[in-house]
Amino acid sequence: MADEMKIGAYICNGCGIGERLDSSQLEMTATRDGKAAVCQQHDFLCSEAGVKMIQDDIDNEGVNHVVLAACSRRAKTEAFNFDNVTLSRANLREGVIWVRPDEDDQRETTQEMADDYIRMACAESKYMKIPEASGQQSVNKNILIAGGGVAGMTAALEASKAGYPCTIVEKSGELGGATAKLYKKIPTSAPYADPEDNGVDAMVAAVEADSNITVCLNSTLTNTAGAPGRFAADISTESGSTETKDFGAIVQASGFTEYDANQLPEFAYGKNKDVVTQMELEALAKEADGGAIKRPSDGKEVQSVLFIQCAGQRSKKEGHLEHCSGYCCSASIKQAMYFKDQNADVDTTVLFSDLRTPGAGGENFYRSGQKKGVIFTKGIASEVVDGANPTVKFKDLILDEDVDLEVDMVVLATGMVPNAGQPSRAELTDQDNEDIAAEKAGEEKEIRIDVESILNLDYRQGKDVPHMDNGFADSHFICFPYETQRTGIYTAGPVRRPMDTQQAMDDAMGAAMKAIAAAENAGLGKAAHPRVADLSFPTFRAEGCTQCKRCTVECPFGAINETDDGYPEFNESRCRRCGTCMGACPVRVISFENYSIDTVGQQLKAVDIPDEFDEKPRILVLACENDAYPALDMAAQNKLEYSAFTRIIPVRCLGSVSLSWITDSMNSGYDGIILMGCPSGDDYQCHFVKGSLMAQERMSKVGDTLESLSLEKERVQTYEISITDIHKVPKIINEMVDTIEQIGMSPFKF
Amino acid sequence: MSDLNTGMVEKYRNNFLKEVEANVEEGDWVKMCMQCGVCSGSCPLGTDWDHPPQELFMMIRAGKREEVLQSTSMWMCTSCYNCIVRCPRELPITHIMHGLAHYATRLGIEPKGQPTRQFAQLFWDNLAKNGRVNELWLGVNLYFMNGLVEGVKVALGMAGIGLGMLKAGRLSLKELVGGHTVKDKKGFKAMIKKAQELEAARVDNAQ
């Protein structure tokens, strides 16, 4: 890298930019205002010749800061891919000419827009550095797998096949997990008609035969420190010995526990021995091993059995599970077949309220059950009356009547509780936090978290991966499958969401691939999802830090620990580069090499603010690069117009927005500011989990700042924008212009 | 109650579904219903049924033998085949409805005085005679099925239409005596007889 900064600005005249804008004027802006040492125009910048022109300047002229005035930063990324330079992009196509009408009386404001974007890109360029990996870690190909069920074993086998040594840590004395306890499993291949062998023995044999896989039985993880690429895990055996091993990434396949049916006294569980759970029926079926299943109370061969679906689940009642466990309908069909296949005269009734058989073969399996004569009754059970034979009271929802049905045995489909470990610090109750504080202070205090930790992470933010809805360790089911809120740790199987054996195996393959990618990326110092391969990472100026700890608290990924003297300690490879810490820092000491308070702050200052009497307001839009900025680009592709007074700056996440940018822009004379982030809350779409939520919180306090400047609150507005809100974004901008017209121009224009 | 009915009750006891599977045309499809209700929603006469098809299927599974077989519901079916076309599980619902009606008739426990049932019987008797429908007699029998007084009333009410049809040649008074037949009436009768024998044998087998 050359020592001296040399900005090269390149203006594209293709895609109509040349016709709509005065390119010699743009060139002048770049050299005069933007201080570009080199400035060239090209009619087709993303062509081979155009790219070569730039590359030649980089190679021969010493250009190390490239400014492209062409299309959106999201377009032509493959063509404009230069090594060892910083890259800034002035969005003249999607940001200017496509959102403005091609009319003579609009030429002036359109040109102003383009000039400003060039000034902004040059200003950003000046404050950017070329990111270099910190070298905190090297590649460590070892994968740690917590849990030796089918998900864990699948992950190990897949990773091993790809050449990555694995260590399975299993708490119990044998591999196989919940699936090993099944007599048979839900079919996984066509014609999906009959239960299948659970397949665990073959899988265990494959694991044991694989020299790349180490199995630690009767073992738990007592401490997991470090970060992707350099995890150090203490594997402790029951006998007390502990071994510390290093890993590149972690797959957590800790499975589920069957919901405790003792919480269902209405179904006589615990009182009547012939009321059993699905897992208990599996044990009975295993015992019978193809013969007639005998009921527990008196060993009588079962002649009639009723399955109560959704027992204690899909219910908002206290102590019940709110979610659908997704596998129990198919499991009940399978178990009804245990009876039917042995003796077709056994009466089997599945009492369901909504029958759901997910998976490719689900519907076929349901049909097969019907063909075998399993009766499916739509109804809701209210009670099981204890007796020599249990009697199920239920409401038949099709015939609309109350029914009492005496059967030999009742099976409760109780569903899954994830083994997700302890809640993270943010999820703890106040009492829990007090107890933890007391314990840290040396008092002997029992912490009342009754769940054992799985990973025992040595993270400031908690011992396990944070939980989502209903206690599952996930991140965002639709948008970011497999991702958890801890980088380099991937959950698979029922700990992530309820699922059956086959789904858990598919899930494990995905998690294994993610873990491999994380280990490799960490070794190169590159970020994981969603800023994949980003080399920049946050650093802080220690002398300015006030040890307020806001960054460590607000980091959505637990990337920041605290040193003993209270300073933040960044773990580069845990970081997803969202910048939420940067937005949180009240003293603005956190920055990335290519994204900092200055790279954005100087952009907004570079905009030419016209005189108050020019009647040309300036609206600043800080748009999240993940969803809002693409939505704006797509609005432009659809030629939806918005005001020429708009200046848009993409940000990594709304969580990275520093309040200083708001005050700076107000002081510079902007008339309005619009913040666009992803939806937050329960159905959040923030790519960094809670960045947009943080921003919402921070911005709710911005009104006071505005008041102290005697400015109207309406001047700063925050919106939640999904990537599909293409028609909404121009409206929001134009409404802001109308608002400014009503409340008047900012008095801060100098 | 017929002997046949008593015999069936005795044979199947509490398992009406099995009885339907063994005795009703396409009855073994009943268990495949998944209670989506598309048939009930698609039936143009659905609001006039006491129990729409989906509910009948559930009642069969729940063992409500008398309620099903004595129901007027399946007699309401006009064979429009909307339900068959739409059933996601491809149940031959129309056929099952007629199968149930037929089975109830065989057992002698069908709803008496149900007009569709009565018309169906008249139609069959009329057709089975000559192998061709005799419209004149079918009309007369239909008008007078509820007695002489009401028959006269209905007939007078329809007189205009009848005369019109006569004029247009759509109805012939010659039909009053004899009427038109199939070419091979003997063969037709033999065919019907054979079919009835086969059906009787099937029923015997089922018992």
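Letters A, B, ... are given to chains in the order of the sequence lines, protein chains preceding strands, and every chain is numbered from 1.
For A:Lys286, the NZ atom counts as densely surrounded, since its 6.0 Å shell holds more than 12 non-hydrogen atoms of other residues, nucleotides or ligands. No more than 12 heavy-atom neighbours from other residues, nucleotides or ligands sit within 6.0 angstrom of NZ on A:Lys273.
A salt bridge is absent between B:Glu90 and A:Arg367: the closest approach of a Lys/Arg side-chain nitrogen to an acidic carboxylate oxygen does not fall below 4.0 angstrom.
Residues passing the side-chain hydrogen bond (donor to acceptor under 3.5 Å, both in side chains) test with B:Thr72 are B:Asp50, sequence neighbours excluded.
Side chain of A:Gln370 to backbone of B:Cys33: a donor-acceptor contact under 3.5 angstrom is found.
Contact of A:Ile398 with chain B is made through backbone and side chain together, with heavy-atom distances under 4.5 Å.
Heavy-atom pairs under 4.5 Å with chain B peak, among A:Leu355, A:Val374, A:Ile375, A:Asp396, at A:Ile375. Per-residue counts of heavy-atom pairs under 4.5 Å with chain A were compared for B:Met34, B:Gln54, B:Glu21; the largest is that of B:Met34.
Against chain B, the residues from residues 331-354 of chain A that qualify, each with a non-hydrogen atom under 4.5 angstrom away, are A:Asp345, A:Asp347 in number order.
Proximity of A:Thr377 to B:Met58: side-chain heavy atoms (C-beta onward) are separated by under 4.5 Å at one or more points. Residues B:Met59 and A:Leu399 form a side-chain contact, since some pair of their non-hydrogen atoms from C-beta on lies under 4.5 Å apart.
Relative to the six-membered ring of A:Phe376, B:Arg61 misses at least one condition, a distance below 6.0 Å or an angle of at most 45° to the axis.
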